[in-house]
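Here's the structure we're looking at; comments come further down.
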Protein chains: 2
Amino acid sequence: MATISDVAARAGVSTATVSRALNGKSTVDPALAEKVREAAAYLGYQPNGLARNLRRQETAVLALVISDVENPFFTAIARGVEDVAQTAGYSVVLCNSDENAEKERRYLDVALQERVAGVVLSPTGGDTDVTQLLSRGTPVVAVDRPLNAVDGDQVLVNTRCAADEATRHLIEAGYRRIGCLTGPEGVRTADDRLAGYQSAIAASAQATTCYRRCELRTAHAKAAALDLLDEGDAPDALLIANSTMAIGVLEALRERGIRPGRDFGLVSFDDAPWAALLDPPLTVVAQPAYEIGSIAARLLLDRIADGSRPPEARELAARLIERGSSHR
Amino acid sequence: MATISDVAARAGVSTATVSRALNGKSTVDPALAEKVREAAAYLGYQPNGLARNLRRQETAVLALVISDVENPFFTAIARGVEDVAQTAGYSVVLCNSDENAEKERRYLDVALQERVAGVVLSPTGGDTDVTQLLSRGTPVVAVDRPLNAVDGDQVLVNTRCAADEATRHLIEAGYRRIGCLTGPEGVRTADDRLAGYQSAIAASAQATTCYRRCELRTAHAKAAALDLLDEGDAPDALLIANSTMAIGVLEALRERGIRPGRDFGLVSFDDAPWAALLDPPLTVVAQPAYEIGSIAARLLLDRIADGSRPPEARELAARLIERGSSHR
DNA sequence: TTGAAAGCGCTAACAT
DNA sequence: ATGTTAGCGCTTTCAA
């Protein structure tokens, strides 16, 4: 593959001039520049990004490490990040940590080793270590879940508040024993949603409480839901922490012949594309996923431009969308 | 940030020894190696991947360029690729071309410039240009859709056959005017599905044919479906080319008060996680997405190891899963 | 405006 | 078993 020296030789100039011409520096004679471009085109020259980045000590790529590629919430974030990154001339590479701290660590290492310009991260747990990145000057912005250890940029959703609202909605709809299915302890969104749920329950005279934690996966959610349904004092409504789990719960309900809505109140976090298609349609807490991504990317670019800015924490609001699954 | 020289200085050895020790070369004294590791740990040394790759002329990262991150079919492929790449010590970075040839080109350029070890690509169109990659020695394997211009490795699904089978299924179920909603011309899967549909229709005495093409997006599919439904001679069944479009069709049917199954036969490609939850559940053509990804990754790794192997084209079978939406 | 030359951090010959 | 040294391909002083 052609290198810069090949181009220089063919154009009859030095490599320095080639570099300048191809990078649009103004200090190069237009005629020469043209000659260089021709030579480059002729040879099919593609600059070696590794060498360039090594020299410049910087890269125009952002890493986005998300905890589940198969969750529409995170892919929507990805699109938000991507759209603003693109317009700023950055590429974004997506890494799937799969809710696995070990994989996450590996990808953060890769991000560090490849010297990406910045990282948007939805941490698998609160204790993810990003100090290496930070101390090396690679900015990190957390999305969806905070990084406990560091006081950095982050874009979160006021999910506790939203859980409280959703639970009150179920209470008002007349359900009496409202449960909650949430994620593992230590996952901040899981904890917050549970806390919001519990505060709404506590504020109500009638509703008693029962909840389960499980991994953020369909199969686990299904098992947990079945467990809940087969209990002596089974719930007649459920607040579910995300759409992946909601699928498991819906499978469980179907297996037990329980119809959402009339028999059983259902509210799930995340307005997945299919939520409104169910019968009855699924009531959801819609999170502004795309905005989370776009804001995070903007924060990241701002910090790349100026590392000394004070850390910025944004908290966006979620919105309850009432549909049939939470009405008798 | 600490460099290899810092480590060398602290351990009192040469940089070469540090390199050897840290890369697990057997030719280094265990005691020295230990000293090196200590020094590295003390300094928080992280090798500079750029420098390493520049020197080695290779990278342990694979690029996966997919045409839609929000489509579960592609994210399932991503997991397949990732799982085998991980076990072989490769990282995979995901790039979302978003069915946009321009974005795709940009990402392929990035892949080339960053000198990734290989690329798994689901091309937006058949005329995607990968000759640069190839001529530079970066292997490319196509998934889901073929690359017309080159005779390289690919993992496809016999989608034409599957479309034919699905259409015959609808005919046998007693629907009389069966339509097809497929993607843009030039997208091979869209064309093949249409062709399979048409061959089944042609083989049947009764069923007449009507089809629409539209972009592979929910909103476009909805518009096309409404258009079809409002025609004079509207279809009473539809074969849909993917799950993203299926959502649009389902929205359209709901708007027109048409109930899938009894009133209107429905088969869609791709067994999305929610397909079985609908009422009636959605009949689908399930594609082995995860296997597509894992096989593609294995092919890619094989070719990285030995570039001279003859190109390998795999064709996997899809499987019709009959559910309620295609039964009166 | 252009060229010569240094050097980014690492690995791999080669020499010892 | 270890060190010396060259060089991966590029950008960027520094001189001219």
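Fair warning: this is a prediction, and the values are worked out from it, not measured in the lab. So you know, we letter chains A, B, ... as the sequences are listed, proteins then strands, and number each from 1.
- When the P atom of D:dT2 is taken as reference, atom NZ of B:Lys35 falls 10 Å away, rounded to whole Å.
- Of all non-hydrogen atoms in B:Thr244 and B:Asp68, the two that sit nearest each other are OG1-OD2, 4.3 Å.
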side-chain contact (heavy atoms from CB on, under 4.5 Å) evaluation trace for B:Leu108 with B:Leu133: CA-CA 8 Å; B:Leu108 292 178; B:Leu133 263 332; 4.1 Å; yes
Take B:Arg105 and B:Glu102 through the salt bridge (Lys or Arg N to Asp or Glu O under 4.0 Å) test and state the conclusion after the steps. CA-CA 5 Å; B:Arg105 202 194 46 67; B:Glu102 162 64 16; 3.6 Å; yes
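- Distance, A:Arg55 CZ to C:dA5 P: 16 Å, rounded to whole Å.
- Residue contacts for B:Leu32: at a heavy-atom cut-off of 4.0 Å it reaches the sugar-phosphate backbone alone, with no base atom in range.
- Within the 4.0 Å cut-off from OP1 or OP2 of C:dG9, at least one side-chain nitrogen or oxygen of A:Gln57 is found.
- For B:Arg20 against D:dG3, a side-chain-to-base donor-acceptor contact under 3.5 Å is present.
- Within the 4.0 Å cut-off from OP1 or OP2 of C:dT2, not a single side-chain nitrogen or oxygen of A:Ser14 is found.
- To the nearest angstrom, C1' of C:dC10 lies 12 Å from NZ of B:Lys25.
- Residue A:Arg56 contributes atom CZ, which lies 15 Å from atom C1' of D:dT13 at whole-angstrom precision.
- Atom-to-atom, CG of B:Leu54 to P of D:dA6 comes out at 18 Å; the value is rounded to the nearest Å.
- Counting only heavy atoms from C-beta on, B:Arg52 has its side chain closest to C:dT11 among C:dT11, C:dC8, C:dA12.
- Comparing D:dG9, C:dT2, C:dA12 against the side chain of A:Ala51 picks out D:dG9 as the nearest.
- Taking only side-chain atoms of B:Thr17, from C-beta outward, the nucleotide of C:dG7, C:dG3, D:dG3 with the closest atom is D:dG3.
- Rounded to whole Å, the distance from CE on A:Met1 to P on D:dC8 is 16 Å.
- In this structure, B:Val36 and B:Val7 approach most closely via the heavy-atom pair O-CG1, 4.0 Å.
- If you measure from atom CG of B:Leu22 to atom P of C:dA12, you get 14 Å, rounded to the nearest angstrom.
- Atom CD in B:Glu34 sits roughly 14 Å away from atom P in D:dT2 (whole-Å rounding).
- Taking the side chain of A:Tyr45 as heavy atoms from C-beta on, and the options C:dT2, D:dG9, D:dC10, the nearest nucleotide is D:dC10.
- Between B:Thr15 and B:Ala33, the one whose closest nucleotide on DNA chain D sits nearer the 5' end is B:Ala33.
- B:Ile292 pairs with exactly one of B:Asp144, B:Leu156, B:Val155 by the side-chain contact (heavy atoms from CB on, under 4.5 Å) rule, that one being B:Val155.
- Ranked by how close their nearest DNA chain D nucleotide is to the 5' end, A:Asn48 and B:Asp29 are led by B:Asp29.
- The residue A:Asn53 sits apart from the nucleic acid: no heavy atom pair falls under 4.0 Å.
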